[in-house]
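Computed from heavy atoms alone, side chains included, the values below leave out hydrogens, waters and symmetry copies.
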Amino acid sequence: MGCCSGRCTLAFICGMQLVSVLERQVIDFLGYQWAPILTNFLHIIVVILGLFGTIQFRPKYVTGYAAWLVIWMTWNVFIICFYLEVGDLSRESDLVLTFNLSMHRSWWMENGPGCRVTPITPPPSWAPEDHRYISISDCLMNFEFIEVAHSSLQILLALAGFIYACYVVKLISEEEDSFDFIGGFDSYGYQGPQKTSHLQLQPMYMSK
């Protein structure tokens with residue numbers, strides 16, 4: 001019962017992780033955030049493997065999923081520090097999230113709740129020709145706080161997944177040990193002495 005309950009809970013957490021990271025992947029694609037796109041893709045693959053291991057009683061898959069969650073939480077802590085500009089980090093840097101391939105920022109910068117985007121014409125002389133120059137105002141929440149909220153949700157889900165993954169691996173290992181113990185009795189169990197028949201066959205003669 002405990003194993004079933006733990007596995008069901010872990011499967012539910014994996015499902016929640018898939019839904020949330022797929023939503024985040026779409027947003028990162030719209031914002032051309034290449035580093036998060038690659039990391040999200042790896043996370044999707046590992047979560048699917050963890051879900052498979054949970055359903056099919058594969059502790060190695062679940063262990064690998066738990067190990068990845070530590071890396072995933074570390075990545076999301078970095079994203080929070082990046083958008084909050086902790087230390088020398090700056091969210092204006094193009095190298096960290098876009099590999100310096102574009103000047104795009106978070107999709108939420110222009111599409112956050114209540115944000116009003118106003119094109120500025122004519123653009124300043126220093127603005128690249130293939131980029132528009134805009135003014136953003138009236139946002140109910142700044143884009144960096146939306147990104148921080150997304151990463152915080154991922155950390156909470158990963159922490160819950162890590163705890164239940166360790167719990168499920170422990171339960172599966174205990175069940176495997178108990179099966180081996182029972183199998184040992186079957187293999188080396190005591191067998192009582194077998195009765196042997198001492199009946200001797202005698203020839204029969206038919207009278208004519």
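The side chain to side chain contact (heavy atoms under 4.5 Å, CB included) test applied to F12 returns M16, not counting sequence neighbours. In terms of the salt bridge (Lys or Arg N to Asp or Glu O under 4.0 Å) criterion, E23 has no residue partners (sequence neighbours excluded). Under the ring-ring contact (aromatic ring centres under 6.0 Å, His included) criterion, W107 pairs with no residue at all, not counting sequence neighbours. For the side chain to side chain contact (heavy atoms under 4.5 Å, CB included) test, residues two or more places apart in sequence or in another chain that qualify with V86 are C81, L84.
Listed by first and then second residue, the salt bridge (Lys or Arg N to Asp or Glu O under 4.0 Å) pairs that reach into residues 46-61 come to none, sequence neighbours excluded. Counting only residues at least two apart or on different chains, no disulfide bond (SG atoms under 2.5 Å apart) pair has a member in residues 42-72. Counting only residues at least two apart or on different chains, no salt bridge (Lys or Arg N to Asp or Glu O under 4.0 Å) pair has a member in residues 25-37. A salt bridge (Lys or Arg N to Asp or Glu O under 4.0 Å) check over residues 151-173, counting only residues at least two apart or in different chains, returns the pairs K170-E174. Legend: salt bridge (Lys or Arg N to Asp or Glu O under 4.0 Å) pairs involving residues 76-88, not counting sequence neighbours, sorted by first then second residue: E85-R91.
Note: the hydrophobic cluster containing W108 also contains V26 (ILVMFWY, side chain heavy atoms under 4.5 Å, direct or indirect links).
Rounding to the nearest 0.5 Å gives a distance of 12.0 Å between CD1 of I27 and CG of L22. The structure places CZ of F82 at 13.5 Å from CG of N76, a figure rounded to the nearest 0.5 Å. Between the OG1 atom of T39 and the CH2 atom of W34 there is a distance of 13.0 Å, given to the nearest 0.5 Å.
For the pair T74 and V70, the tightest heavy-atom approach, listed with the atom from each and the gap, is OG1-O, 2.8 Å. Pairing each heavy atom of Y65 with each of G50, the nearest pair is CB-CA, 3.8 Å. Considering every non-hydrogen atom in both V47 and Q17, the closest pair reads CG2-OE1, 3.9 Å. Among all heavy-atom pairs drawn from I48 and L18, the shortest one is CG1-CD2, 4.0 Å. Nearest heavy atoms, W68 versus L42: CH2-CB, 3.9 Å.
Between Y167 and Y164, the ring planes are perpendicular. Angles over 60° get that label, and only those under 30° would be called parallel.
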Exercise. Could you walk me through whether V46 and L69 pass side-chain contact (heavy atoms from CB on, under 4.5 Å), step by step?
Key: CA-CA 9 Å; V46 175; L69 289 182; over 6 Å; no

Quiz prompt | Worked verdict on V169 versus S173 for side-chain contact (heavy atoms from CB on, under 4.5 Å) | solution = CA-CA 6 Å; V169 169; S173 300; 4.2 Å; yes

Exercise. Could you walk me through whether L89 and Y83 pass the side-chain contact (heavy atoms from CB on, under 4.5 Å) test, one step at a time?
Key: CA-CA 8 Å; L89 294 174; Y83 279 107; over 6 Å; no

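Residue F52 is found in a hydrophobic cluster whose other members, listed by chain and number, are F41, I45, L49, Y61; membership requires side-chain heavy atoms under 4.5 Å apart, directly or through intermediates.
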Extract all donor-acceptor atom pairs below 3.5 Å that involve side chains of residues 136-147 and protein atoms in other chains or at least two apart in sequence.
unit_1 : atom_1 : unit_2 : atom_2 : d
D138   : OD2    : R116   : NE     : 3.4
D138   : OD2    : R116   : NH2    : 3.0
E147   : OE2    : S106   : OG     : 2.4

For residues 152-161, dump all side-chain donor-acceptor pairs below 3.5 Å to protein atoms at least two apart in sequence or in another chain.
unit_1 : atom_1 : unit_2 : atom_2 : d
S152   : OG     : V148   : O      : 2.8
Q154   : OE1    : W72    : NE1    : 3.4
Q154   : NE2    : S20    : OG     : 3.0

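W75 is not listed as a side-chain neighbour of H43, based on a closest heavy-atom distance of 4.5 Å or more. When side chains are defined from C-beta on, M73 does not count as touching F78, because their heavy atoms never get closer than 4.5 Å. For the pair S151/R24, a side-chain contact is recorded, criterion being any heavy-atom separation below 4.5 Å from C-beta on. When side chains are defined from C-beta on, I37 does not count as touching Y32, because their heavy atoms never get closer than 4.5 Å.
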